[in-house]
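Just so you know, residue 1 is the first one in the sequence shown, and it goes up from there. As the structure lists them, so they are numbered: ligands from 1, and atoms in each ligand from 1. All values below were derived from every heavy atom in this structure, side-chain atoms included, with hydrogens, water molecules and symmetry-related copies excluded.
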Amino acid sequence: MSSVRTEKEAATTLEDALKPTKSRDADGEAVVRAFKGGATEDSAPAAETIDGFHLVIDALKLNDIDTIFGLPGIPITDLTRMAQAEGLRVISFRHEQHAGNAAAAAGFLTQKPGICLTVSAPGFLNGLTALANATTNCFPMILISGSSEREIVDLQQGDYEEMDQLAIAKPLAKAAFRVLHAEDIGVGVARAIRAAVSGRPGGVYLDLPAKLFPQAMDAEAGRNSLIKVVDPAPRQIPAQDAVARALDLLKSAARPLIILGKGAAYAQADADIRALVEKTGIPYLPMAMAKGLLPDTHEQSAAAARSYVLPASDVVLLIGARLNWLLSNGKGKTWGGKSPKQWGAQKFIQVDISPQEADSNVRIDAPVVGDIGSCVSAMLAGLGTNWPRPPAEWLAAIAERKSKNIAKMAQTLAKNPTPMNFHSALNVVRDVIKANPDAILVNEGANALDFTRSIVDMYKPRKRLDVGTWGVMGIGMGFSIAAAVVSGEQVIAVEGDSAFGFCGMEVETICRYGLPVCVVILNNNGVYRGDEVNLAGGRDPAPLVFVKDARYEKLMEAFGGVGVHVTTPDALRKAMEDAIRSRRPTLVNAVIDEGAGTESGRITSLNPTAKKA
Ligand code: FYN
Ligand code: ADP
């Protein structure tokens, strides 16, 4: 359907919305304007006009954006209706933060900016958490929020949902723009798209004041003002001398290691990355969201020997992974340093699109700046035909550690304790993912996250979405919805019971859109574990515990999905297999030992504790 209408067409299709309404034009002058059809009462009746609503929709469509994740309300209610009418998929959420998380995950999975649409002030702020998280994770996303009357906001005269949203978004976004006039919508959307996906991807804020939407302009001029962004994420070819420097260093290594991060997964250079790993024969370590870039069962994976390879390595090639807290900032004990601040003996090669990333924590001896696809292909080309395999002693030492750890893990997974624990439950998830390698695994929690990461193998790229760089709780349902919507694949969300609490209401969204999402809650009655008592001995529960034996599955049933309460691995397996077979929204409340779990999972050291009396 074309979004350019004559006044007559607009009057029939948008009858109620076209009631003449007293408003002010862009200069604050009172005019009688026919909303959405865009023609004022005194304009020529046959003139074809287009309004701000349709210019926004057309600008997005022109740039191949097909889905909006959002939550309708003032002033963007009609935008959601019209977007749907014009063929965009509009997924409406129950809370903006989850719509934002969905947009971020969609951006990561597709390399197109995920769009989150919210109302003003509070809705904007709810979406902003997700935008900041997207920027932190280098996911491309655009948060579009309606906003209140500029004149009133700027004079702080107390408008409905008054807030200077642009100023607030700026420090948390990669870029932020505001559009005041209909003829600038095309440029505004184009700038937002370019900012989100070019260079290091990130979150962009686009502020659209309420008065922009009903603004009308000549349809042809409007059409001509839109921009189809050409080459939104231009390739960035690395310098040849940088590639040569990196390869020389890598060749000199006695104990080389490759670390693949979620930037490598995002880049969709899967075949070349695999070829680089396999042609060099260098052991690699996947960061959490890079699991599956090569199958976790690959013989060169050193994941099961992580704490050995990091300090023992002498040259490390980082591909799309930052030396941030998840890698102990490249120093300290993890890397063989004697004290927390001491550097190890490694030399680093870093492949990254951001030139500023190098040296952010320790010295980067060979930065290779460019997009991962171009960098990896240049490195591959430079390998030549006689690249030496890493020394046999290094490979043997890793293999030995790895097989010991894998055998230990197999032993633990073979146990079938009563009550069920993280391992016996996740052993089932591990089998289910192995049998369904195209399923997307979403994972959040503390222990629920850490155990799943090391127990559940992934077999294909971009099949694992998790808490990311911030370790943020509450991404589960938003990420699951996005994964199901953009891929059409089965989604399995493994959730700690605490993490699920941040986003649980979105099971209604999952049911409403009939998405193939199977949520598995590893329920141990609390944050970390559920067996703590109130130290003061009073009637209130301890701060970290929840209602005992909560029936989370009934939440899914309330909206027409399938809820299952399980206490054994066999019942969990059956429930998951049924969910996958039926593709119905399913929530499995997997009850595990409330004493299972450690404080903060594997990052206990980050959680200061008071001295025991
Ligand atoms: C890994 N391991 C395995 C396997 N894979 N053993 C056997 N088989 C397999 N397949 C081993 C691995 O060698 C480690 O043992 C251990 O399992 C854990 O591996 P992991 O998970 O890779 O390593 P680790 O040390 O936990 O990684 C550090 C980290 C990670 C910071 C990258 O903890 C992380 O991503 N944390 C995110 C935490 C978070 O965001 N939490 C949310 C907030 S929670 P060893 O080699 O013996 O060490 C709020 O409280
Ligand atoms: P992880 O948490 O998995 O270690 P990080 O989020 O720390 O990964 O690192 C991702 C890195 O990847 C960022 O430094 C980012 O600049 C980089 N990156 C993202 N996309 C690309 C790309 N297409 N080409 C090159 N680098 C990229």
Heavy atom of M473 under 4.0 Å from ligand 1?
yes
Kindly confirm or rule out an N or O of I372 lying under 3.5 angstrom from an N or O of ligand 2.
yes
Measure N324 to ligand 2 on non-hydrogen atoms and call it side chain, backbone, both or neither using the 4.0 Å cut-off.
side chain
Give yes if a backbone or side-chain nitrogen or oxygen of D371 is under 3.5 Å from a nitrogen or oxygen of ligand 2, and no if not.
no
Name every donor-acceptor pair, under 3.5 Å, that has one atom in a side chain of residues 301-311 and the other anywhere in the protein, sequence neighbours excluded.
| residue | atom | partner | partner atom | Å |
| --- | --- | --- | --- | --- |
| S301 | OG | A303 | N | 3.2 |
| R306 | NH2 | L326 | O | 3.2 |

Quiz: residues 284-291 side-chain donor-acceptor pairs under 3.5 angstrom, not counting sequence neighbours:
| residue | atom | partner | partner atom | Å |
| --- | --- | --- | --- | --- |
| Y284 | OH | P295 | O | 3.2 |
| K291 | NZ | D296 | OD2 | 2.8 |
| K291 | NZ | R453 | O | 2.8 |
| K291 | NZ | V456 | O | 3.4 |

Heteroatom proximity flag, K262 to ligand 2, N/O under 3.5 Å
yes
Close approach of Y528 to ligand 1, heavy atoms, under 4.0 angstrom:
yes
For ligand 2, indicate whether the residue T469 contacts it via side chain, backbone, both or neither (heavy-atom separation under 4.0 Å).
side chain
Under 3.5 Å between any N/O of L326 and any N/O of ligand 2: does that happen in this structure?
no
Heteroatom proximity flag, R200 to ligand 2, N/O under 3.5 Å:
yes
Determine, using heavy atoms of G601 and all atoms of ligand 1, whether some pair is separated by less than 4.0 Å.
no
Answer yes when E357 and R200 have at least one side-chain N-carboxylate O distance shorter than 4.0 Å, and no when they do not.
yes
Within the 4.0 Å heavy-atom shell around S307, which atoms of ligand 1 are there?
45 (P), 46 (O), 47 (O), 48 (O)
Within the 4.0 Å heavy-atom cut-off, what A321 brings close to ligand 2 is both
Starting from atom 13 (C) of ligand 2, locate the nearest protein heavy atom and write down its residue, its atom name and how far away it is, to 0.1 Å.
D352 OD2, 3.4 Å
Geometric N/O contact R453 with ligand 1, under 3.5 angstrom
yes
Starting from atom 41 (N) of ligand 1, which protein heavy atom do you reach first, and at what distance in Å?
L449 CD2, 3.5 Å
Please determine if G320 has a nitrogen or oxygen closer than 3.5 Å to a nitrogen or oxygen of ligand 2.
yes
Selection from E357, Q356, M287 by shortest heavy-atom distance to atom 4 (O) of ligand 2:
M287
Considering only non-hydrogen protein atoms, determine which one is nearest to atom 40 (O) of ligand 1 and report residue, atom name and distance to 0.1 Å.
G471 CA, 3.3 Å
Would you say G445 touches ligand 1, if touching means a heavy atom closer than 4.0 Å?
yes
Suppose we measure from atom 19 (C) of ligand 2 to each protein heavy atom; which comes out shortest, and what is that distance?
G263 CA, 3.7 Å
